[in-house]
Number of protein chains: 2
Amino acid sequence: MAQNGKLANDLVQKLERDIVTGVLKPGDKLDERSLSERFGVSRTPVREALQTLAGSGLVATMPRRGTIVASITVGELIEMFEVMAELEAMCARLAARRMPRADIENLIALAGECDALQEHSDADAYYEANVSFHEAIYAGCRNSFLERQTKTVRNRLAPYRRLQLHRPGRVKTSNSEHEDILNAISTGDADTAGRLMRQHVAVQGEALNDLLAIVPRGYLEPLAG
Amino acid sequence: MAQNGKLANDLVQKLERDIVTGVLKPGDKLDERSLSERFGVSRTPVREALQTLAGSGLVATMPRRGTIVASITVGELIEMFEVMAELEAMCARLAARRMPRADIENLIALAGECDALQEHSDADAYYEANVSFHEAIYAGCRNSFLERQTKTVRNRLAPYRRLQLHRPGRVKTSNSEHEDILNAISTGDADTAGRLMRQHVAVQGEALNDLLAIVPRGYLEPLAG
DNA sequence: AACCGTTAACTGGTATACCAGATCACATAT
DNA sequence: ATATGTGATCTGGTATACCAGTTAACGGTT
């Protein structure tokens with residue numbers, strides 16, 4: 001989409017990965033000069049990369065005050081999860097109607113992978129498998145615009161979503177929900193698939209309190225900025 | 001969100017307006033040097049503006065080949081309308097549950113404005129009123145992230161959406177649909193509001209053929225790019 | 001007349017130099 | 001000791017110069 005120069009695009013990829021995987025945390029400063037010498041390029045492509053990331057919301061730039069990895073308010077967190085749940089629900093609903101048999105077989109395999117990894121309590125490995133499962137459903141909706149849109153919002157939420165897995169018992173629950181979603185998609189029950197996915201992704205009630213309780217300092221903006 | 005320098009931001013606003021209102025049409029070239037001298041700034045802020053616009057998808061940049069106002073394929077058009085319908089449906093659904101009485105009064109007034117303008121067959125005036133009506137519903141969902149997201153997609157579709165109004169009879173139908181949506185929101189019937197809004201926005205079946213038939217040359221990419 | 005290759009002009013991509021606002025430390029006054 | 005004001009410094013914002021790929025025009029050849 002955003003087709004900048006090669007150097008800038010490489011930087012976008014690297015920085016995006018670092019932010020999504022948590023190497024760079026919300027609030028971390030992104031100094032243009034430091035980045036430019038660290039990557040051996042001039043400030044120009046660095047600036048382009050930062051602007052692209054600002055466009056997708058992953059970083060925030062204040063004029064004359066620099067760029068930081070985006071941190072959001074509690075309100076925004078709730079808003080974004082609300083939208084995320086709906087986008088994923090739409091993916092699941094469409095996937096139930098459009099996903100070819102062969103892709104469903106693959107989805108079954110991915111669900112099995114999640115299931116296998118749940119035992120080992122290796123949070124990172126499980127997280128990756130979980131991402132693959134969800135992305136397979138995005139792809140299954142056969143709407144690449146929706147797929148991209150969904151991934152963008154998910155990336156934006158990644159730093160916070162990752163935290164959920166550290167809640168005891170969450171992985172087990174999550175896995176059984178996968179099973180039900182998979183069944184609905186497999187049988188072509190679009191409404192059920194959408195409803196289950198919405199609930200699977202939504203963060204509300206107790207779950208919201210739990211999440212907020214384990215968000216580290218700095219991940220959320222103070223009430224007065 | 002994307003907070004660049006002042007000059008660049010001004011350019012983003014101007015160019016975005018020109019694209020959304022149709023002054024700049026899909027396929028039009030956006031030459032960096034021409035723009036820079038036309039606006040009396042250097043190429044740097046021009047480039048920043050173009051990159052921001054590329055990020056939201058309004059323009060497309062090919063390395064070493066320049067920037068043009070984005071044109072999309074028929075497939076993408078269908079995909080984007082599908083997502084648009086769902087986003088607006090979500091707005092309507094949430095608005096039915098959350099919109100304060102005072103704002104609903106305002107929404108009623110806006111619907112009346114559309115109704116009044118429908119007679120005069122002034123397509124542009126009606127279009128503006130129509131936008132106001134829809135935006136009031138976006139605001140009514142009380143989720144500013146969803147509101148922004150929805151506006152972004154709408155802007156992206158604006159060049160094509162505007163064409164729909166030139167279909168004879170469309171304005172009248174559209175207006176009566178507004179009435180029904182308004183009623184659903186006013187009575188707090190979330191499901192109905194969402195369903196009606198989805199149908200109101202969706203472009204499918206005959207309506208899709210009609211739209212495609214009046215899209216000017218150049219608005220859609222040829223099958224082989 | 002049609003085809004192909006060379007080349008010149010155009011346009012973006014990158015680097016660098018310069019300017020201006022924001023921050024922070026230090027000194028001074030209360 | 002604290003508060004405030006001033007200036008050095010840090011960091012972005014803007015302009016410009018230079019480099020490299022792409023395109024298209026022109027001329028020569030067949």
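Values below: every heavy atom of this structure, side chains too, minus hydrogens, waters and symmetry copies. All values reported here derive from a predicted model rather than from experimental measurement.
- Close to C:dT11, at under 4.0 Å from its OP1 or OP2, lies no side-chain N or O of B:R65.
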What does the list of N/O pairs under 3.5 Å between the protein and nucleotides 18-20 of chain D look like, with a distance for each?
| residue | atom | partner | partner atom | Å |
| --- | --- | --- | --- | --- |
| D:dA20 | N3 | B:R64 | NH1 | 3.2 |

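- Taking CD from A:E32 and OG1 from A:T44, the interatomic distance works out to 9.5 Å, rounded to the nearest 0.5 Å.
- C:dT16 atom P lies 15 Å from atom CD of A:E48, rounded to whole Å.
- The CD-P distance, from B:E37 to D:dA15, rounds to 14 Å in whole Å.
- B:E79 and A:S144 are linked by a side-chain donor-acceptor pair at a separation below 3.5 angstrom, with hydrogens and angles left out of the test.
- Ring pair A:F133/A:H178 is parallel by interplanar angle, where below 30° counts as parallel and above 60° as perpendicular.
- Spacing between atom CG of A:L11 and atom P of C:dG13 amounts to 15 Å, rounded to whole angstrom units.
- Atom pair B:L35:CG and C:dG12:P shows a separation of 9 Å (rounding to whole Å applied).
- Distance B:R47 CZ to C:dT14 C1': 9 Å, rounded to the nearest Å.
- One can place CG of A:L7 at 6 Å from P of C:dA15, the figure rounded to the nearest angstrom.
- Between B:P45 and A:K29, the residue whose closest nucleotide on DNA chain D is further toward the 5' end is A:K29.
- Residue B:L50 is out of contact with every strand shown, counting any heavy-atom pair closer than 4.0 Å.
- Rounded to the nearest 0.5 Å, atoms CG (A:N155) and CD1 (A:I19) are 9.5 Å apart.
- Comparing atom distances between the B:T44 side chain and each of D:dT16, C:dT14, D:dG13 picks out D:dT16 as nearest.
- A:H134 NE2 to A:R161 CZ: the interatomic distance, rounded to the nearest 0.5 Å, is 6.0 Å.
- No more than 12 heavy-atom neighbours from other residues, nucleotides or ligands sit within 6.0 angstrom of CD on B:E206.
- Nearest-nucleotide mapping onto DNA chain D: of B:G40 and A:D31, the residue sitting toward the 5' end is A:D31.
- Protein atom CD of A:E32 is 15 Å distant from nucleotide atom C1' of C:dC19, rounded to whole Å.
- Interatomic distance, CZ of A:F145 versus CZ of B:R156, reported as 6.0 Å (0.5 Å rounding).
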